[in-house]
Undergrad: 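Let me begin by handing over the structure; questions about it come next.
Both ligands and their constituent atoms are indexed starting at 1 by order of listing. Both backbone and side-chain heavy atoms feed into the values below; hydrogens, waters and symmetry mates do not.
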Amino acid sequence: MSLTVIDGCAVVTMDPGRTEHAVGHVVVDGARITAVGAGPAPRLDDATYVDGRGCLVTPGLVNTHHHLYQWLTRGFAVDHTLFEWLTTLYPVWAGLDEDTVRTGATGALAQLARTGCTTTMDHHYVFPADGGDLLGAEIEAARTVGLRFLPTRGSMDLGRSRGGLPPDHVVEEIDAILEGTAAAIDRHHDPSPDSMLRVGVAPCSPFSVTGDLLEQSAKLARDKGVRLHTHLAETDDEEAYCRERFGRSPVEYVDSLGWLGPDVWLAHGVHLDDAAVSALAASGTGVAHCPSSNARLGAGICRARDLRNAGVPVGLGVDGAASNEAASLVEELRHSVLFARAVGGPQALTVRDGLEMATLGGARALGWDDRIGSLEPGKQADLALWRLDTAPHVNIPDPVAALVLGSPPPLELLLVQGRPVVRRDALVTVDEERLAVDVHDATDALLSRAVGR
Ligand SMILES: [Zn+2]
């Protein structure tokens, strides 16, 4: 196995004692971390040494909510609400196929890697009848970029003619959804300790899927031993929709369908009353907090402090790039802390709260914290080495404050399972200039199909 030693850097471990070292080291042997400590690293034969002076090493960031395909549809409906934005974009997304999904996913994954992410989920819920193997295409993209991946097989079965929001031509029949989801799990889900690929089940939202699909999806996920995800409590419109249609809040509604539990994490959780926060905490349900997307769509601000105080696993997510054009995970740290303080005062979230949500909190939300989310011997070697000695950050005394409150720092090194994905602020797995051309062409192809529809 190959030995890599990162030496001379500040270290934030996120271990149970939240140990930090002003100057320390991390030793990686193959896929796993073998040592983390203070002071200079031991001299090891045949090891590659990385000079970490001027840098901070953290666990790799974990992205808990995304729609990778949306990389191709950034910049639409820029001043609109969620429901207006969705109805603009559904007809464009109806033209997705394997090639456009592969290219869009590669673009989004590349941006995640460039911004410190080592593990991401994806929530893909648009499966046009003639689209091909879209989940397979994005899995291929994750392998190419080199990120650890938790794609979820999403779905919509509640078209406009039945009172839902999406047009009928982008929804599927429930039997086809359940069959496709079971097949995706059987084919791709890898539960092994060193897994780079786990699959989840993710009907889209209360206003685009039936209660029947929610219930049967939960049953399928539990039969297969995989995780459950959906959008919930994102906007006032959704709250009104659930009250009017089901006579319940969004959390009460999904609770009635078996959708709270330690195997569930929910995207957004913006509009939660105290009873909903308690219900999530009591059931161990996690939340993917997506501050930039929520701000972009004017949805509100997640009660991250209250959720954390109640014991809810809270991770951060960029959400799809159509509602967060930056799609930069490191910037979500800054936004999560600033937005919480804007409404809750300067102690609402600390810079370390932000970093914890972005790493260990995200790993907990994804049910993967036994393998990732902290720098500890035995864990997977997923780490980010941030350069903090250049002009934008030099002399900020606390490296965590520099990372969270400063501008996004250059990424000296990003390792996923011990393999370099970013080095000296450039991707080593993907040609970024070629990727820009491919994204341009794929976007053109997708838009021309929407025009012809
Ligand atoms: Zn979303």
Undergrad: With the Zn ion (ligand 1) at the center, what angle do NE2 from His67 and NE2 from His65 span, rounded to 10 degrees?
TA: 100°
Undergrad: Return yes if a side-chain donor-acceptor contact under 3.5 Å exists between His289 and His65, otherwise no.
TA: no
Undergrad: Are Asp319 and His67 close enough that a side-chain donor and a side-chain acceptor fall under 3.5 Å?
TA: yes
Undergrad: Can you tell me which N/O/S atom of Asp319 has the shortest distance to the Zn ion (ligand 1)?
TA: OD1
Undergrad: Indicate, with yes or no, if the rings of His80 and Trp85 have centres closer together than 6.0 Å.
TA: no
Undergrad: So, 2.8 Å as the limit: is an N/O/S atom of Glu234 located closer than that to the Zn ion (ligand 1)?
TA: no
Undergrad: Under 3.5 Å, side chain of Thr115 to main-chain N/O of Ser328, donor-acceptor pair present?
TA: no
Undergrad: So, of the N/O/S atoms that His231 has, which is the nearest one to the Zn ion (ligand 1)?
TA: NE2
